[in-house]
Structures are given as C-alpha cells and as structure tokens.
Amino acid sequence: MTATMNTLRSLEPLVGTWAIDGPGLSGTVRYEWMDGGGFLVQHVELVQDGEVNRGVEYIGFHAESGQLRSHFFSQNGEILEYVYELADDTLTIWYDGVDSPAKFVGAFDADGVHNAGAWQWPGGGYESNMTRVEELAR
C-alpha cells in the first residue's frame, strides 16, 4: 500500500453511519469508501436550527500538501474545502486549511463508537456529537 493510501486509510474509523446530535442539531452522516478506495465519501443529512443541510463530501490525499483534503458539495450549490486529521483518538477537521481558526475537534471513546466534540470559530461554535449506528464494510 502506498503512503498516499496509508494516509487516507487513517480515516478508516469513520467508515459507517453515524447519528449526529447537539443543541439544535440532529441527523446522520455516512462515510464509505469510493469504489477503488481512492476517496472516502461522506453523505450528509442534517437539520440545524430547523434548516436542512444535505450534501456529499469527497476526502482524498493531496500530494502537494501531504494532507487529507476534501470538497463538500451542498444541496444549494456551495462548495466548501476542509482538511482532515485523525491522530490517536482525536478527529480534527479544519475549514479551508490547518491555519484556519474554524474547525471541528472531537475525541472518540475507547470503543470508537462515540465522538464528542464541537465546531468552533472566532465568536461562535456549537457542540456536535457522533454515535455509530451502523458499521459498513471496510
């Protein structure tokens, strides 16, 4: 397996369907491998403060930066970029790049079935917890 695939496979613990909750937040996300394994794909269906947010995100290895970068495509035509990192039990997702103050930081429990964390940015943020409800083939 190449270094590229090893880096991408570090996100393996995300594979599955997760229930998302937090204050004013509910829904599900599903992470699965794209055929061939070159991308991790996230399907998003959330309701936050009464507003529906659906989309799909493709996460892959960016050779130039050596990072796991993604593009999120929302139902309203927005395209957002993120950087993922899973180190030990901590998942960090930066909006746009690792120097961004806008990010999610959450820790997995010992069994890897719950992640408690929060999105944060200057002047705001919100709690967002994930609980695995279905494990998909890895």
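Numbers here are sequence positions counted from 1.
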Apply the test side-chain contact (heavy atoms from CB on, under 4.5 Å) to residues Ile93 and Trp119: give CA-CA distance (whole Å), side-chain angles for both, the deciding distance (0.1 Å), then the verdict. CA-CA 9 Å; Ile93 307 169; Trp119 281 97; 3.9 Å; yes
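- Among all heavy-atom pairs drawn from Leu68 and Ser10, the shortest one is CD1-OG, 3.7 Å.
- Put simply, the side chain of Asp111 never gets that close to the backbone of Val113: no donor and acceptor are under 3.5 Å apart.
- Val44 and Trp94 end up in different hydrophobic clusters when Ile, Leu, Val, Met, Phe, Trp and Tyr side chains are linked at under 4.5 Å.
- The side chain to side chain donor-acceptor pair (under 3.5 Å) search around Asp88 returns none, not counting sequence neighbours.
- No donor-acceptor pair closer than 3.5 Å links the side chain of Arg69 to the backbone N or O of Ala63.
- Trp33 and Glu12 are linked by a side-chain donor-acceptor pair at a separation below 3.5 angstrom, with hydrogens and angles left out of the test.
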Please assess His43 against Glu32 for the test side-chain contact (heavy atoms from CB on, under 4.5 Å), listing each intermediate value before the final yes or no. CA-CA 8 Å; His43 302 271; Glu32 62 189 3; 2.9 Å; yes
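- In terms of the side chain to side chain donor-acceptor pair (under 3.5 Å) criterion, Thr28 has no residue partners (sequence neighbours excluded).
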Show every donor-acceptor pair shorter than 3.5 Å between a side-chain atom in residues 13-27 and any protein atom, with sequence neighbours excluded, or say none if there are none.
unit_1	atom_1	unit_2	atom_2	d
Thr17	OG1	Glu134	OE1	3.3
Trp18	NE1	Leu14	O	2.8

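- Legend: residues meeting side chain to side chain donor-acceptor pair (under 3.5 Å) with His71, ordered by chain and number and at least two apart, are absent.
- Linking Ile, Leu, Val, Met, Phe, Trp and Tyr whenever their side-chain heavy atoms come within less than 4.5 Å puts Leu8 and Leu86 in one cluster.
- Thr7 OG1 to Glu85 CD: the interatomic distance, rounded to the nearest 0.5 Å, is 11.0 Å.
- Residues Phe108 and Leu91 have side chains in contact (heavy-atom distance under 4.5 Å, counting atoms from C-beta outward).
- Residue-environment remark: CD (Gln120) exceeds the threshold of 12 foreign heavy atoms within 6.0 Å.
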Apply the test side-chain contact (heavy atoms from CB on, under 4.5 Å) to residues Lys103 and Trp121: give CA-CA distance (whole Å), side-chain angles for both, the deciding distance (0.1 Å), then the verdict. CA-CA 7 Å; Lys103 62 186 174 184; Trp121 55 84; over 6 Å; no
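- Under the 4.5 Å side-chain heavy-atom criterion for ILVMFWY residues, a single connected hydrophobic cluster contains both Tyr31 and Leu46.
- A distance-only check finds a donor-acceptor pair linking the side chain of Ser100 to the backbone of Tyr95 [under 3.5 Å].
- The side-chain heavy atoms of Tyr82 and Phe72, taken from C-beta on, include a pair separated by under 4.5 Å.
- In terms of heavy-atom proximity, Phe104 sits nearest to Ser128 at CE1-O, 3.5 Å.
- Taken together through direct or relayed side-chain contacts under 4.5 Å among Ile, Leu, Val, Met, Phe, Trp and Tyr, Leu11 and Phe61 form part of one hydrophobic cluster.
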Please report, to 0.1 Å, the donor-acceptor pairs under 3.5 Å made by any side chain of residues 51-59, with sequence neighbours excluded.
unit_1	atom_1	unit_2	atom_2	d
Arg54	NE	Glu45	OE2	3.4
Glu57	OE1	Gln42	NE2	2.4
Glu57	OE1	Tyr84	OH	2.8
Glu57	OE2	Ser70	OG	2.5
Glu57	OE2	Tyr84	OH	3.4

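- For Thr131, the side chain to side chain donor-acceptor pair (under 3.5 Å) partners at least two apart in sequence or on another chain are His114.
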